[in-house]
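Structure record follows, encoded as structure tokens.
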Amino acid sequence: MEGHFYGQVFQDSDVYKWLEAVGNVLMLGRDEKLEAQADSVIDIIARAQQPDGYLDTYFIIEEPDKRWTNVLECHELYCAGHFIEGAVAYYLATGKEKVYETALRLADHIDSVFGPEEGKLHGYPGHQEIEMALLRLCDVSGDERYQKLAQYFIDARGTNRFFEEEFERRGSRCFWTGEKVEEPNRWFNQFPYNYYNQFHLPVRKQKKAVGHAVRGVYMYAAMADLAWRLKDRELFDAGKAVWNNIVERQLYITGGIGATHSGEAFTADYDLPNDTNYSETCASIGLIFFAQKMLQTEAEGVYGDVIEQALYNTVLGGMNYEGNRFFYVNPLAVVPKACADNTERNHVKPVRQKWFACACCPPNIARLIAGLWKYIYTVKANCVYVHLYMGNESSVKLGDCTLHLTQETNYPWDGKVALKVKADTPEPLEIALRIPRWSHEYTQG
Ligand SMILES: [Zn+2]
């Protein structure tokens with residue numbers, strides 16, 4: 001209650017991503033020390049929550065009367081989404097309800113502020129993320145309101161003048177510089193903000209990946225997830241068109257996306273410079289989310305191929321072996337001296353950094369790697385699909401029976417994979433194996 005907020009306006013999200021990583025780790029085995037640390041963080045978060053459920057420490061501390069007045073720039077929905085995802089992971093791992101109830105109160109508050117009804121804000125996030133989180137919360141709580149709200153955020157986007165009107169209401173001022181500007185966001189990127197923030201078209205009409213890459217893939221992942229839940233072909237097809245655009249025309253051989261530092265954004269088809277590209281670690285993580293959500297509807301090998309490509313190159317390359325130094329930007333070619341001397345290249349760091357003023361990537365790697373088990377298998381009807389090859393022991397539910405799967409492998413250093421299967425049923429079951437597209441031959445033992 002004393003002092004000032006410092007750091008990035010979206011900095012709450014870093015600790016929420018850490019909490020999600022903790023939840024993912026604890027799902028593999030409880031750990032008293034780690035839980036005690038997480039519980040003390042949760043106590044602080046719960047105490048910060050306002051009586052009406054609102055939670056965002058920048059606005060609580062600095063501008064309590066300006067809540068929800070700059071949804072475009074200020075990341076309140078983004079931070080809320082990360083908190084909900086962290087809370088759900090921790091609750092599922094430990095059964096501790098405090099964090100889960102805090103998340104429900106926050107989601108209910110957001111539901112009371114946004115939506116199509118008269119008197120609510122007809123808006124959607126400036127930085128997408130909340131859509132994925134609400135769908136996850138719907139799974140765990142069984143409350144369809146959260147899915148409806150996620151659908152509202154997806155379907156309202158690009159159909160009204162919400163961001164334009166909000167910008168006018170706040171006197172056309174840029175949050176970051178405080179100055180009156182012609183258009184938001186232009187001081188750091190060359191794209192009109194409707195492209196940068198992906199509201200240039202209704203979401204269902206978007207066919208090409210544009211704008212800020214991380215925002216884009218978080219939204220496309222939510223579209224694919226929602227399309228699967230609703231069996232909504234139109235929404236799935238929009239996601240698929242964007243997927244094809246990324247994979248066929250805007251994807252680096254390393255699984256990196258976002259060819260320019262200006263707006264950390266997608267650019268033109270086939271524009272893939274090796275040395276000035278951005279390829280943010282978070283963008284490749286979001287691409288993995290997108291691929292996994294597409295797999296729910298369509299068990300195609302390409303999704304596992306892209307997960308593998310992004311994971312083993314950009315994502316793992318984004319961190320050192322010790323786990324304490326990171327790349328934010330992942331180009332394919334670097335001339336160290338030019339990074340300092342050439343403004344076109346000064347976003348590139350030739351060595352991994354200890355931390356960043358904008359520290360989105362390190363905790364994102366943590367939550368992905370801690371939850372990597374979610375990406376190895378999916379199940380459809382009476383078939384289990386193996387997407388990733390990595391050492392693991394897993395139990396997979398297939399209808400009424402349980403399949404125990406063990407993989408032994410030194411992949412990717414060695415292409416040999418031993419998959420052992422134990423089923424508690426005499427009924428025939430199917431196992432589908434992804435044949436990596438780089439593999440010119442394979443044998444089955
Ligand atoms: Zn990042």
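Just so you know, ligand 1 is whichever comes first in the structure, and atom 1 is the first atom listed for that ligand.
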Task: Option passing side-chain hydrogen bond (donor to acceptor under 3.5 Å, both in side chains) with E308 (candidates Y303, Y389, Y411) - done: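 It is Y411, the one option of Y303, Y389, Y411 that forms the side-chain hydrogen bond (donor to acceptor under 3.5 Å, both in side chains) with E308.
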Task: Cut-off under 2.8 Å, centre the Zn ion (ligand 1), protein N/O/S atoms - done: E280 OE2, C282 SG, C360 SG, C361 SG
- [ ] Apply the test side chain to side chain donor-acceptor pair (under 3.5 Å) to residues Q198 and Q128: give CA-CA distance (whole Å), side-chain angles for both, the deciding distance (0.1 Å), then the verdict.
- [x] CA-CA 10 Å; Q198 292 112 2; Q128 299 91 322; 3.1 Å; yes
Open item on the list: N342 vs K337, test: side chain to side chain donor-acceptor pair (under 3.5 Å). Steps then yes/no.
Closed with: CA-CA 8 Å; N342 181 336; K337 188 157 172 29; over 6 Å; no
Task: Set of residues satisfying salt bridge (charged side-chain N to carboxylate O under 4.0 Å, His left out) with respect to R352, sequence neighbours excluded - done: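 Testing R352 for salt bridge (charged side-chain N to carboxylate O under 4.0 Å, His left out), a comparison that skips the adjacent residues, returns none.
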For residues 258-265, which side-chain N or O atoms pair as donor and acceptor with protein atoms under 3.5 Å away, sequence neighbours left out?
residue, atom, partner, partner atom, Å
T260, OG1, S262, N, 3.0
S262, OG, Q190, N, 3.1
S262, OG, Q190, OE1, 2.2
E264, OE1, H212, NE2, 2.7
E264, OE2, Y278, OH, 2.6
E264, OE2, Y328, OH, 3.4

Task: Partner set under side chain to side chain donor-acceptor pair (under 3.5 Å) for Y91, not counting sequence neighbours - done: none
